[in-house]
Undergrad: 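Here it is, the structure, as structure tokens.
Order of the sequence lines fixes the chain letters, A, B, ..., with proteins taken first and strands second; residue numbering starts at 1 for each chain.
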Amino acid sequence: MDKSYQPQDIEQRIYDRWEEEGYFIPEGDGTPYCIVIPPPNVTGTLHMGHAFQDTIMDTLIRFHRMLGHRTLWQPGTDHAGIATQMVVERILNTEGKSKHDLGREKFIERVWSWKEESGGSIAKQTRRLGASVDWNRDRFTMDDGMLEAVQKVFIQLYEEGLIYRGKRLVNWDPVLHTALSDLEVLSKDENGSLWNFRYPLASGNGHLVVATTRPETMLGDSAVAVHPDDERYKDLIGQEIILPIVGRHIPIIADDYVDPEFGTGCVKITPAHDFNDYDIGKRHNLTMHNIFDDNAAMNDEVPKEFRGMDRFDARKALIAKFKSLDLLEKIEDYVVKIPRGDRSNAIVEPYLTDQWYVKIEPLAKPAIKAVKTGRIKFVPENWSKTYFDWMHNIEDWCISRQLWWGHRIPAWYDNEGNIFVGNNEKEVREKNNLGDIPLRQDSDVLDTWFSSALWPFSTMGWPSKTNELKEFYPGNVLVTGFDIIFFWVARMIMFGLKFMDDVPFREVYIHGLIRDQDGQKMSKSKGNVLDPIDLIDGIELEALVDKRTKGVIQDHLAPKIEKATRKQFPEGIQQFGTDALRLTFASLATNGRDIRFDLGRIEGYKNFCNKLWNAARYVLINTESLDEGDLKFSSADRWIRSRFNNATTDMQKHLTNYRLDLALQSAYEFTLHEFCDWYLELSKPILQSDNIPDAEKRGTRKTLIEVLEATLRLLHPLMPFITEEIWQTVALRANLEGETIMLRPFPKALSEAADDKAVEDIEWVKQFILGVRQIRGEMDISPGKLLPVILQDASATDLSRIKSQELLLERVGRVESVTSLKDEKPPAAATAFLGDMRMLVPMKGLIDIKTERARLKKQREKINLDLQRSAGKLNNKKFINNAPAQIIAQEQQRVIEFERVIKQLTEQLEKLNELT
RNA sequence: GGGCGAUUAGCUCAGGGGGAGAGCGCCACGUUGACAUCGUGGAGGCCGGUGGUUCGAGACCACCAUCGCCCA
């Protein structure tokens, strides 16, 4: 093995071998275990969130595979309708073309070829992360099988009346020219104005003042509404207004919706361009005046002078007009909720169109029940509340999109506007006896999330009754972020229950979202994006700056981004390797919702990798001669096996509970602080001393190699590459069978490995050595200097341990000699305490009396505080009367202990005083 | 307006009724036959505030403050 750990030398080679050998394919006859990957956007690249998520899933998958389960991790990508179409349109724009120049068919061809090109980079990145997905089953949401599934679902829902076509207000994106679902619209506060207009009464007796944030919509007003109980306007209800500029007579109506406190208490009603007004319009049977075209420009419904104007130009023109007519009462500053499309960022317009909808309530009901009754469990549990809140208020789902890229809606129209739904035109004609009358297919495509909702079963061959479905549906757990609980999780549950008659997964593990070191969302325009591959391979500063500033759409941000990047990464990013990155992600997989990615942590985990690497080197160097013969296991040997047992138990527990951070913590703690810090050090005296019998050396060698091998398996789910690389050599040395660590069993806790006696002995040894080290450290004595230790008040147990563990004490504690004081007077010395025993390190030339006195005083002060606290508790009658006996006993024990140590310290201090 | 979450060491975060923990950073000593990507020792916290429950509260409850997210 090389002297230091070099991730780039091993990762690619190991992954290639795993894949070639087919280790990712479900195997054996264990209980099936399955995770379906949340399919990333096929034309994107993996970001930190994907890498985080993949790490969690791969850890779970590897863990279960090693537990002997028949394990499937289903991979795939999503066609991501709007996002992908936009990317390709942007490419066309740079060529000076639009999608209309190509036409629908050619455009779609173009998207497919782009998909082929860019889909590969996701797969490549996924491989770099070590993800053990079954590539043989890679799926895409627009491949042929998916089409079949999508059509079957659509047709069945249509035939059951759960999909319908309807004309109503939708969120219209006037830039992308498509409808959006409620979820795809993000509303944000923006600074705007509130315009107060005077609307003259038809009676000629004055006017009403209405306030609006959207003056341009007044051309479509159908009424003015007031609250029914509003005394100011009670008499006017039923009268009419002459709508300025338009000249239309519109009624004054009463509706509870109106807030009399807001503005003047009079509200203009525009049913065709506002969701609330739409409802009021329906209640009062108002006429709908649609005044926009699909660019959100004024159509022919409006007076000539405004026709063809963009909505914002029309706003200006109308305000000017009101002013000139002296109908503008005032303008106030006002914060307005502005709805924008999540992809285009264009201001979305409520717009009256024909769209396809899923009637959601009949699907939502069983989906709510499935979570309520525990058939599906959210982890952490409180996310189920978020789920319920949405599901209880859910509205019908608009599933049609006026895009070209996506699953085309399987509906045909004849010239009379009749709708025929079926798999294809031929089938539709035959089924409906249409002969050869003209038919045209609906030009819309389905919302991307429609096909995503089928993912857990469509990937497994549904609607055919495949073996995969039988084995792997429902999946065990869905691993995803809370941002898509509504978009995706809820819809999978609804469709799974509807079409598979079972939940799609038993548990939903919701993880946090990765943010930058300041808690900011990572985004291109902020220039704070980290590419997981750059953390694995490292990247030069110039390349990083280039990468971050190149893709920025708003040019003026580039210098700022460059400056921040240069400041944060003055030397670029060093190479950390996949395992270190994965460990970092695991440590961040807590129950929180925001996760700040901190570079300091990944560096620490790279060091941990190096530590493991070198520990393995030590073990291999020292086990070259694994000869046969009698075995005798030392206390240290039995201790480390016992401790490993505990680590295994913890690891199993935490992985089962999706607490990867705690799992890592216990594995890390064991590997670093028990195996490396202590066991390897304790093994050295045994292996390096001439006086140790061969049987005992064999015992230690065997323990070294066996515990290392088991530790590698313990760590494998978290850090697959380095453990595989080391394991290959270790397995050879240990004469183990098996081609790969990833198919070896996960360690089991063995009750026979627990050894309390050995644990007590070695804990005592540790205390002894720590005592010496503390004196050494605080006295600034060089670590290499051998120290004599004199014991006072040693018990019989102490003395027997001294005898049996002398070698460890001397070599690991770097102690020259251990002698026991009989009746003679103790020398001036620095002191450490181990139970009743005192450990004296004589002072001559080594130790400054003043320093030692200060040190002991400080210790005494601290313990004295503890003593007072415990004594205070025991003097408290209420405590004695109420606390459990065990706690009281513990407190009494403490008092005895503290008093003893204080006595020892005081004696020692007096002794030092005598010397000065 | 409704809901959810966060507040613990300089930084990033665990912990969830019976003596405050990790990693990084900081200080000191050090090249000891795996590792300087290192070792050893140390410093550093009224666990956001106020009340309450309890023998006992970072932890449970109420209210408040600050920050953040989701839904209208």
Side-chain angles (χ1 to χ4, degrees), chain A residues 1 3-6 182-183 186-187 275-276 337 380 382-383 385-386 388-390 393 482-483 485-486 512-513 515 517-521 574 576-577 580 583-584 587-622 659 661-662 664-665 668-669 672-673 676-677 680-681 683-684 687-688 704 708 769-770 772-786 811-814 855 858 865-866 869-870 872-874 876-884 886-888 890-891 894 898:
Chain A
M1 280 174 83
K3 193 168 172 187
S4 66
Y5 156 66
Q6 301 295 344
D182 299 342
L183 291 175
L186 304 174
S187 288
F275 287 102
N276 289 314
K337 284 263 180 240
N382 59 326
W383 286 111
K385 196 172 158 57
T386 307
F388 289 135
D389 282 351
W390 188 66
N393 298 308
F482 56 81
D483 52 335
I485 290 179
F486 306 145
L513 302 184
R515 296 167 180 279
Q517 68 286 343
D518 302 315
Q520 298 283 315
K521 209 168 169 172
Q574 70 166 104
F576 294 110
L583 291 178
T584 311
S587 75
L588 295 171
T590 64
N591 273 340
R593 43 171 68 197
D594 290 336
I595 296 166
R596 295 183 189 213
F597 192 84
D598 177 30
L599 271 182
R601 287 184 90 141
I602 193 173
E603 202 168 340
Y605 288 116
K606 187 184 179 191
N607 294 346
F608 177 67
C609 292
N610 189 58
K611 190 80 183 176
L612 180 64
W613 183 265
N614 279 290
R617 279 185 64 227
Y618 168 81
V619 172
L620 290 167
I621 290 167
N622 284 288
R659 286 305 301 267
D661 58 325
L662 300 180
L664 171 60
Q665 209 175 301
Y668 182 98
E669 175 75 19
L672 195 58
H673 295 133
C676 292
D677 286 353
L680 295 191
E681 293 308 319
S683 76
K684 286 175 187 174
L687 296 178
Q688 291 164 5
L704 276 172
L708 172 64
I769 292 166
L770 285 171
V772 177
R773 280 183 187 165
Q774 197 174 10
I775 290 172
R776 196 190 291 277
E778 293 188 17
M779 297 293 154
D780 286 352
I781 301 169
S782 146
K785 171 92 182 150
L786 294 178
R811 293 288 292 275
V812 181
R814 303 205 63 78
R855 195 175 75 91
K858 199 173 129 196
L865 282 177
D866 291 339
R869 190 145 49 128
S870 291
K873 274 190 187 177
L874 290 171
N876 183 347
K877 276 220 177 73
K878 285 182 178 171
F879 176 74
I880 299 292
N881 292 337
N882 292 294
Q886 187 203 337
I887 297 294
I888 296 173
Q890 179 189 310
E891 221 52 57
R894 272 186 190 139
F898 292 148

Undergrad: Where the side chain of A:Q890 is concerned, which of B:A14, B:A34, B:G19 is the nearest nucleotide?
TA: B:G19
Undergrad: What's the closest nucleotide to the side chain of A:D661 if the choices are B:C55, B:C71, B:A14?
TA: B:A14
Undergrad: Tell me what A:E891 touches on the nucleic acid: a base, only sugar-phosphate, or nothing, going by heavy atoms under 4.0 Å.
TA: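 The answer is base, as A:E891 lies within the cut-off (heavy atoms under 4.0 Å) of a base atom.
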Undergrad: Taking A:N393 for its side chain and A:D389 for its backbone only, find out whether a donor-acceptor pair lies under 3.5 Å.
TA: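 Yes, the answer is positive, given that a donor and an acceptor are paired below the 3.5 Å cut-off.
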Undergrad: Classify A:K858 by what it touches in the nucleic acid, base, sugar-phosphate, or nothing, heavy-atom distance under 4.0 Å.
TA: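 It contacts sugar-phosphate atoms only.
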Undergrad: Using atom types as modelled and distance alone, determine if a side-chain donor or acceptor of A:R659 lies under 3.5 Å from a backbone N or O of A:T590.
TA: no
Undergrad: Just N and O in the side chain of A:H673: are any of them under 4.0 Å from OP1 or OP2 of B:G21?
TA: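 False: A:H673 side-chain N/O out of range (4.0 Å or more) of B:G21 OP1/OP2.
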Undergrad: Of all the heavy-atom pairs spanning A:A615 and A:C676, show the shortest one and how long it is.
TA: CB-SG, 3.6 Å
Undergrad: Just compare B:G42, B:C4, B:A14 and give me whichever is closest to any side-chain atom of A:L662.
TA: B:A14
Undergrad: Could you check whether any side-chain heavy atom of A:L865 comes within less than 4.5 Å of a side-chain heavy atom of A:F898, counting everything from C-beta outward?
TA: no
Undergrad: RNA chain B in dot-bracket, Watson-Crick or G-U pairs under 3.5 Å, [ ] crossing, | other strand?
TA: (((((((..((((....[..)))).(((((.......))))).....(((((..]....)))))))))))).
Undergrad: Write down the atom of A:P380, the atom of A:N591, and the distance for their closest heavy-atom approach.
TA: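 Heavy atoms of A:P380 and A:N591 come nearest at CG-OD1, 3.5 Å.
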Undergrad: If the P atom of B:C4 is compared with that of B:C63, how far apart are they to the nearest Å?
TA: 11 Å
Undergrad: For A:F597, is the NZ or CZ atom of A:R515 found under 6.0 angstrom from the centre of its six-membered ring and inside 45 degrees of the ring axis?
TA: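 No; the conditions do not both hold, so A:R515 does not lie above the ring face of A:F597.
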Undergrad: What integer number of Å spans the C1' atoms of B:A9 and B:C26?
TA: 12 Å
Undergrad: Grab the CG-C1' distance between A:D483 and B:C71 for me, whole Å please.
TA: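 Value for this atom pair: 15 Å.
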Undergrad: Expressed as a whole number of Å, how far does the C1' atom of B:U54 sit from that of B:C60?
TA: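 It comes out at 10 Å once rounded to the nearest Å.
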Undergrad: Which part of the nucleic acid, if any, lies within contact of A:K385, taking any heavy atom under 4.0 Å across all strands shown: a base, the sugar-phosphate backbone alone, or nothing?
TA: sugar-phosphate
Undergrad: Please report the shortest heavy-atom distance between A:R601 and A:T584, naming the atom on each side.
TA: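 Result for this residue pair: CB-CG2, 4.1 Å.
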Undergrad: For A:Y605 and B:A22, what is the distance between atoms OH and P respectively, to the nearest whole Å?
TA: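 Taking OH of A:Y605 and P of B:A22, I get 13 Å after rounding.
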Undergrad: Looking only at atom C1', what distance separates B:U8 and B:A20, rounded to whole Å?
TA: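 Approximately 9 Å lies between the C1' atom of B:U8 and that of B:A20.
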Undergrad: At their closest point, which heavy atom of A:L664 faces which heavy atom of A:L583, and how far apart are they?
TA: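 Distance-wise, the nearest heavy atoms are CD2-O, 3.3 Å.
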Undergrad: Taking atom types as modelled, is there a side-chain donor on A:Q688 or A:R811 under 3.5 Å from an acceptor on the other?
TA: yes
Undergrad: Say we look at B:C27 and B:A65: how far apart would their P atoms be, to the nearest angstrom?
TA: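 Each nucleotide's P atom is 41 Å from the other's.
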Undergrad: Looking at B:A43, does its base get a donor-acceptor pair with the side chain of A:E778 below 3.5 Å?
TA: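 No, no donor-acceptor pair under 3.5 Å.
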Undergrad: Would you check if A:L612 and A:Y5 make a side-chain contact, meaning some heavy-atom pair closer than 4.5 Å?
TA: no
Undergrad: Okay, side chain of A:R855, backbone of A:I775: is any donor-acceptor separation there less than 3.5 Å?
TA: no
Undergrad: Is there a donor-acceptor contact under 3.5 Å linking the side chains of A:S4 and A:Q6?
TA: yes
Undergrad: Taking NZ from A:K873 and P from B:G18, how many angstroms apart are they, rounded to a whole number?
TA: 10 Å
Undergrad: Heavy atoms under 4.0 Å, any strand shown: does A:S870 hit a base, just sugar-phosphate, or nothing?
TA: base
Undergrad: Rounded to whole angstrom units, what separation is found between the CZ atom of A:R869 and the P atom of B:A57?
TA: 11 Å
Undergrad: Tell me what A:R659 touches on the nucleic acid: a base, only sugar-phosphate, or nothing, going by heavy atoms under 4.0 Å.
TA: sugar-phosphate
Undergrad: Checking A:L186 now: which residues fulfil side chain to side chain contact (heavy atoms under 4.5 Å, CB included) with it, not counting sequence neighbours?
TA: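 Checked A:L186 against side chain to side chain contact (heavy atoms under 4.5 Å, CB included); matches are A:D342.
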Undergrad: Between A:L183 and A:N622, who's closer to the 5' end of RNA chain B by nearest nucleotide?
TA: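 The residue whose closest nucleotide sits nearer the 5' end is A:N622.
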Undergrad: Looking at A:K878, is its backbone amide N or carbonyl O close enough to the side chain of A:N876 to form a donor-acceptor pair, meaning the two atoms are under 3.5 Å apart?
TA: yes
Undergrad: Between protein and nucleotides 60-62 of chain B, what N or O pairs are separated by less than 3.5 Å?
TA:
none

Undergrad: Round to a whole Å and report the spacing from NZ of A:K785 to P of B:U31.
TA: 14 Å
Undergrad: Distance between the C1' atoms of B:C71 and B:C55, in whole angstroms?
TA: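 Looking at atom C1' only, B:C71 and B:C55 are 45 Å apart.
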Undergrad: Identify all pairs in which a protein N or O lies below 3.5 Å from an N or O of nucleotides 52-54 of chain B, and state each distance.
TA:
none

Undergrad: Of the listed nucleotides (B:G18, B:A34, B:A14), which one gets closest to any side-chain atom of A:I887?
TA: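 In terms of side-chain proximity for A:I887, the closest of B:G18, B:A34, B:A14 is B:G18.
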Undergrad: Taking the side chain as everything from C-beta on, heavy atoms only, tell me whether A:N622 gets closer than 4.5 Å to A:R617.
TA: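 No - every pair of side-chain heavy atoms lies 4.5 Å or more apart.
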Undergrad: Quick one: are A:I621 and A:Y618 in side-chain contact, heavy atoms under 4.5 Å?
TA: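 They are not in side-chain contact.
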Undergrad: Distance check, C1' atoms only: B:G15 and B:C47, in whole angstrom units.
TA: 10 Å
Undergrad: Please work out whether B:G15 sits syn or anti, treating a glycosidic angle within 90° of 0 as syn.
TA: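 Chi for B:G15 falls in the anti range.
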Undergrad: In terms of side-chain geometry, is the basic nitrogen of A:K606 or A:E603 positioned less than 4.0 Å from the acidic oxygen of its partner?
TA: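 A:E603 and A:K606: not salt-bridged.
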Undergrad: Roughly, in whole Å, what's the span from OH in A:Y618 to P in B:U32?
TA: 16 Å
Undergrad: Under 4.0 Å, counting only non-hydrogen atoms across every strand here, what does A:N382 touch: a base, just sugar-phosphate, or nothing?
TA: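 Result for A:N382 = sugar-phosphate.
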Undergrad: Do A:Y668 and A:S587 pair up side chain to side chain, a donor and an acceptor below 3.5 Å, judged on atom types alone?
TA: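 Not at all, the side chains of A:Y668 and A:S587 share no donor-acceptor pair under 3.5 Å.
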Undergrad: How long is the line joining CZ of A:R593 and P of B:C4, in whole Å?
TA: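 The answer, rounded to whole Å, is 10 Å.
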Undergrad: Using the P atom as the reference point in each nucleotide, state the distance between B:G19 and B:C24 in Å, no decimals.
TA: 28 Å
Undergrad: Any heavy-atom pair between the side chains of A:T386 and A:F482 that's under 4.5 Å?
TA: no
Undergrad: B:G3 C1' sits how many Å from A:F482 CZ, rounded?
TA: 14 Å
Undergrad: What N/O pairs connect the protein and nucleotides 9-13 of chain B at under 3.5 Å? Give each pair on its own line.
TA:
from, atom 1, to, atom 2, distance (Å)
B:U12, OP1, A:R596, NH1, 3.2
B:U12, O2, A:R601, NH1, 3.4
B:C13, OP1, A:R596, N, 3.2

Undergrad: Could you check whether A:D780 gets within reach of a base, just the sugar-phosphate, or nothing at all, counting any heavy atom under 4.0 Å?
TA: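 Touches sugar-phosphate only.
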Undergrad: I want to check one thing: is the phosphate of B:A34, taken as OP1 and OP2, less than 4.0 Å away from some side-chain N or O of A:K684?
TA: yes
Undergrad: With heavy atoms under 4.0 Å as the rule, sort A:Q574 into base, sugar-phosphate or nothing.
TA: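 No contact.
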Undergrad: Using a cut-off of under 3.5 Å, enumerate the N/O to N/O pairs linking the protein to nucleotides 36-40 of chain B.
TA:
from, atom 1, to, atom 2, distance (Å)
B:U37, O2', A:N610, ND2, 2.5
B:C38, OP1, A:N607, ND2, 2.9
B:C38, O3', A:K611, NZ, 3.2
B:G39, OP1, A:K611, NZ, 2.8

Undergrad: For RNA chain B, whose closest nucleotide is more 5', that of A:C676 or that of A:F486?
TA: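 Counting from the 5' end, the first nearest nucleotide belongs to A:C676.
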Undergrad: Distance-only, no hydrogens or angles: does the A:R776 side chain make a donor-acceptor pair with backbone N or O of A:R814 under 3.5 Å?
TA: yes
